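Let me begin by presenting the structure, written as structure tokens, before commenting on it.
Below, each value reflects all heavy atoms present in this structure, side chains not excepted, and no hydrogens, waters or symmetry copies. Remember, it's a predicted structure, so these values are computed and weren't measured experimentally.
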Amino acid sequence: MFIHSVYFWLKPGITDEDEATFRRELDGLRGIESLRTMHVGTSAASDRPVVDTSYSYALITIFDDAAAHDAYQVHPLHDRFREQCERYWDRVVIYDVEGQ
């Protein structure tokens with residue numbers, strides 16, 4: 001199993017329409033065939049000092065293996081998402097995990 005977690009910090013002051021476009025394009029990644037599952041969400045209201053709640057959106061994707069993840073990275077829908085949405089974020093942090 002290969003888990004690809006992406007955290008986005010959206011730019012301050014983007015419009016509601018821009019955020020809706022970002023979310024729609026993010027959800028569009030579900031069309032990538034190599035995905036086993038995908039979850040999208042916003043920061044939870046966790047009130048513990050060890051939890052980073054500063055991000056705007058999280059994308060958690062799970063693949064069968066690294067090869068499936070690699071196919072996702074070069075998929076046209078992934079390219080479209082980056083091209084359409086990179087103007088909306090200030091920062092992106094990615095964690096990749098290999099599991100069993």
Side-chain angles (χ1 to χ4, degrees):
M1 176 175 21
F2 193 98
I3 302 166
H4 177 66
S5 303
V6 185
Y7 298 86
F8 299 93
W9 283 258
L10 298 183
K11 290 180 178 178
I14 68 168
T15 66
D16 290 344
E17 182 179 326
D18 290 340
E19 189 168 347
T21 299
F22 172 82
R23 180 61 194 250
R24 183 177 57 254
E25 293 293 329
L26 192 59
D27 286 334
L29 296 173
R30 294 180 195 281
I32 298 176
E33 301 83 6
S34 64
L35 277 167
R36 182 192 298 177
T37 190
M38 180 178 129
H39 303 280
V40 174
T42 57
S43 179
S46 297
D47 189 24
R48 298 180 346 185
V50 298
V51 177
D52 180 358
T53 60
S54 66
Y55 63 92
S56 306
Y57 282 88
L59 167 68
I60 311 298
T61 55
I62 300 175
F63 303 89
D64 289 333
D65 52 31
H69 166 264
D70 294 348
Y72 162 90
Q73 287 294 329
V74 297
H75 194 282
L77 288 176
H78 188 261
D79 291 343
R80 175 188 163 87
F81 170 73
R82 282 195 320 266
E83 290 166 4
Q84 296 293 315
C85 295
E86 66 184 349
R87 65 181 175 257
Y88 299 134
W89 63 71
D90 276 334
R91 180 178 176 212
V92 175
V93 174
I94 298 171
Y95 298 100
D96 287 337
V97 177
E98 288 189 289
Q100 299 180 35

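Using a 4.5 Å cut-off on side-chain heavy atoms (C-beta onward), Met38 and Leu59 make contact. Here the side chains of Ser43 and Asp52 are not in contact, with every heavy-atom distance at 4.5 Å or above. Looking at Met1 and Glu98, their side chains never come closer than 4.5 Å, going by heavy atoms from C-beta outward.
In this structure, CD in Glu33 is found 12.5 Å from OH in Tyr72, a value given to the nearest 0.5 Å. To the nearest 0.5 Å, atoms CD (Glu83) and CD (Glu25) are separated by 10.0 Å. Atom CG of residue Leu29 and atom CG of residue Leu35 lie 7.5 Å apart, to the nearest 0.5 angstrom. To the nearest 0.5 Å, atom SG of residue Cys85 and atom CZ of residue Arg80 are 8.5 Å apart. The OG1 atom of Thr61 lies 11.5 Å from the CZ atom of Arg36; values are rounded to the nearest 0.5 Å. Atoms CG and CZ, on Asp18 and Arg87 in that order, are 7.0 Å from each other to the nearest 0.5 Å.
With sequence neighbours left out, Asp96 forms a side-chain contact (heavy atoms from CB on, under 4.5 Å) with Phe2, His4, His69, Ile94. Applying the side-chain contact (heavy atoms from CB on, under 4.5 Å) criterion to Ala71, with sequence neighbours excluded, gives Ser34. A search for ring-ring contact (aromatic ring centres under 6.0 Å, His included) contacts involving Tyr88 returns nothing, not counting sequence neighbours. With sequence neighbours excluded, the residues that form a side-chain contact (heavy atoms from CB on, under 4.5 Å) with Arg24 are Thr21. Phe81 pairs by the ring-ring contact (aromatic ring centres under 6.0 Å, His included) definition with Phe8, Phe22, Trp89, not counting sequence neighbours. For Val93, the side-chain contact (heavy atoms from CB on, under 4.5 Å) criterion is met by Trp9, Arg91, Tyr95, not counting sequence neighbours.
The hydrophobic clustering, which links ILVMFWY residues whose side-chain heavy atoms are closer than 4.5 Å, places Ile62 and Val97 together. At a threshold of 4.5 Å between side-chain heavy atoms, the hydrophobic network of Ile, Leu, Val, Met, Phe, Trp and Tyr places Tyr55 and Ile14 in two separate groups. Linking Ile, Leu, Val, Met, Phe, Trp and Tyr residues whenever their side-chain heavy atoms come within less than 4.5 Å places Val40 and Phe63 in a single cluster. No single ILVMFWY cluster, assembled from side-chain heavy atoms under 4.5 Å apart, contains both Val6 and Ile60.
The environment of CG in Asp47 is sparse: at most 12 heavy-atom neighbours from other residues, nucleotides or ligands sit within 6.0 Å.
The nearest pair of heavy atoms linking Asp79 to Gln73 is OD1-O, 3.9 Å. Heavy atoms only, all atoms of each residue included: Gly28 and Leu77 are closest at O-CD1, 3.6 Å. Minimum interatomic distance between Thr53 and Ser46 (heavy atoms only, all atoms of both residues): CG2-O, 3.9 Å.
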